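Quick notes on the structure that follows.
As the structure is a computational prediction, the values presented were derived from the model and not from experiment. Labels below follow one simple rule: chain letters A, B, ... track the order of the sequence lines, proteins then strands, and each chain is numbered from 1.
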Number of protein chains: 2
Amino acid sequence: MPVELTPSQALGLWHSVTLDQVRVDSRDLTLRQMAILLQIYLVPPPHTVRGLAATLGVTKPVITRALDTMGALGLVDRVRDERDRRNVVIKRTVEGALYLEKFGDLIINQGRNLHL
Amino acid sequence: MPVELTPSQALGLWHSVTLDQVRVDSRDLTLRQMAILLQIYLVPPPHTVRGLAATLGVTKPVITRALDTMGALGLVDRVRDERDRRNVVIKRTVEGALYLEKFGDLIINQGRNLHL
DNA sequence: CACAAAAGAAACGCTTGCGTAACGATCGGC
DNA sequence: GCCGATCGTTACGCAAGCGTTTCTTTTGTG
């Protein structure tokens, strides 16, 4: 089920959501961090550092650093893979799920309020 | 004309657009910079540093720095207001308009490709 | 004309993210 | 058991953004 948007709607939606996010959220995730977070929560696990790096097209330290930051914020968690102890499996958290749920609501509401 | 989205559609759209943006765009604007850019191009002029700061809920130096960066990228331009020379009027550029046009296309296409 | 107010920029020290390169831990094949 | 390959992290120097404070220019008002 596709979403059909006009150029005005597309940019207007992005505008209002971005604006609201800047005004409200002190955490201020970077674009990369946001992409990683959404990937973790919207794509079926397991997620690894290597996998995320490949998906985003960035180097592994970028992922490590983003996980450090978002881990400190409680948005994600890291667990060593016991079957292959070289791997780290990235886990979702309740707080992270809540964060994205609120963010989704923000998008929906701003979309609803679009009057162009 | 509102845009009605389900939670899956809202986050899915954000996911795919963010992912694509990370992969493709080396400029890597911050959330604040993006909000400023969209404000300049979607809201009727004139735009001033002070006005943008108030709209975004940030301090003036944040706006000055963002304009420095985006000015260097050619996305916006600054012109002294001749009627009150204390003010600076922020101008749109062809390159900035093109940038947002491409970004809008990206959103539209990712929305169209959403199959949940 | 003096002087406070206003707008934007510059200065300051700090934090955070970046890319590259090096590192320790772990695995699998021989 | 060794040894190259793989995985994630750490280290390093650098660039960029942050908040606060200070400065410069310009305005308008007494």
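- For Asn87(A), the listed nucleotide lying nearest its side chain is dC7(D); candidates were dT20(D), dC7(D), dT20(C).
- Nearest to the side-chain atoms of Thr30(A) among the listed nucleotides dG17(C), dC7(D), dG19(D) stands dG17(C).
- Between the C1' atom of dG24(C) and the CZ atom of Arg80(A) lies a distance of 10 Å, rounded to the nearest Å.
- Note: Trp14(A) and Phe103(B) have perpendicular aromatic rings, judged against thresholds of 30 and 60 degrees for the angle between ring planes.
- The phosphate of dG19(C) has OP1 or OP2 within less than 4.0 Å of a side-chain N or O from Arg32(A).
- Remark on DNA chain C: of its neighbouring residues Leu67(B) and Ala66(A), the 5'-side contact belongs to Leu67(B), judged by nearest-heavy-atom nucleotide.
- As rounded to whole Å, 15 Å separates atom C1' of dA9(C) from atom CG of Leu52(B).
- The nucleotide whose nearest atom lies closest to any side-chain atom of Val62(A) is, among dT27(D), dG19(C), dG8(D), dG19(C).
- Listed for the Arg80(A) side chain is a donor-acceptor partner under 3.5 Å among the backbone atoms of Arg86(A).
- Computed from coordinates, the Leu31(B) CG to dG17(C) C1' distance equals 16 Å when rounded to whole Å.
- Taking atom CD1 of Ile63(B) as the reference point, atom C1' of dG19(D) lies 14 Å away to the nearest angstrom.
- One finds the OH atom of Tyr99(A) at 10.0 Å from the CE atom of Met70(A) (value rounded to the nearest 0.5 Å).
- In this structure, Arg50(B) reaches the dA7(C) phosphate: one of its side-chain N or O atoms is under 4.0 Å from OP1 or OP2.
- Arg85(B) comes within 4.0 angstrom of the backbone, heavy atoms only, and of no base.
- Closest contact between the side chain of Val88(B) and the listed nucleotides dG8(D), dA9(C), dC18(C) involves dA9(C).
- The pair Arg78(B)-Asp68(B) counts as a salt bridge, with a side-chain nitrogen and a carboxylate oxygen less than 4.0 angstrom apart.
- The side chain of Thr69(B) contributes an N or O atom lying less than 4.0 Å from OP1 or OP2 of dG17(D).
- Computed from coordinates, the Met70(B) CE to dA16(D) P distance equals 15 Å when rounded to whole Å.
- Across the protein-nucleic acid pair, Leu56(A) atom CG and dC18(C) atom P stand 11 Å apart, rounded to whole Å.
- Counting any heavy atom pair closer than 4.0 Å across all strands shown, Glu82(B) reaches no nucleic acid atom.
- When the nucleotides dA11(D), dT9(D), dA9(C) are ranked by their closest atom to the side chain of Lys60(A), dT9(D) comes out on top.
- Whole-Å rounding puts the Asp25(B) CG to dC18(C) C1' distance at 16 Å.
- When the nearest nucleotides of DNA chain C are assigned to Pro61(A) and Thr64(B) by heavy-atom distance, the more 5′-ward of the two goes with Thr64(B).
- Side-chain atoms of Glu101(B) never come within 3.5 Å of backbone atoms of Leu98(B) as a donor-acceptor pair (strictly under, hydrogens ignored).
- The side chain of Gln33(A) contributes an N or O atom lying less than 4.0 Å from OP1 or OP2 of dG17(C).
- Within the structure, a side-chain polar atom (N or O) of Arg78(B) is placed less than 4.0 Å from OP1 or OP2 of dA9(C).
- Per the geometry, CG belonging to Asp84(B) stands 8 Å off C1' belonging to dA7(C), to the nearest Å.
- Checked by atom type, the side-chain pair Gln39(B)/His15(A) shows a donor-acceptor distance below 3.5 Å.
- Residue side chain Arg86(B) does not reach the base of dG28(D) through any donor-acceptor N/O pair under 3.5 Å, judged by distance alone.
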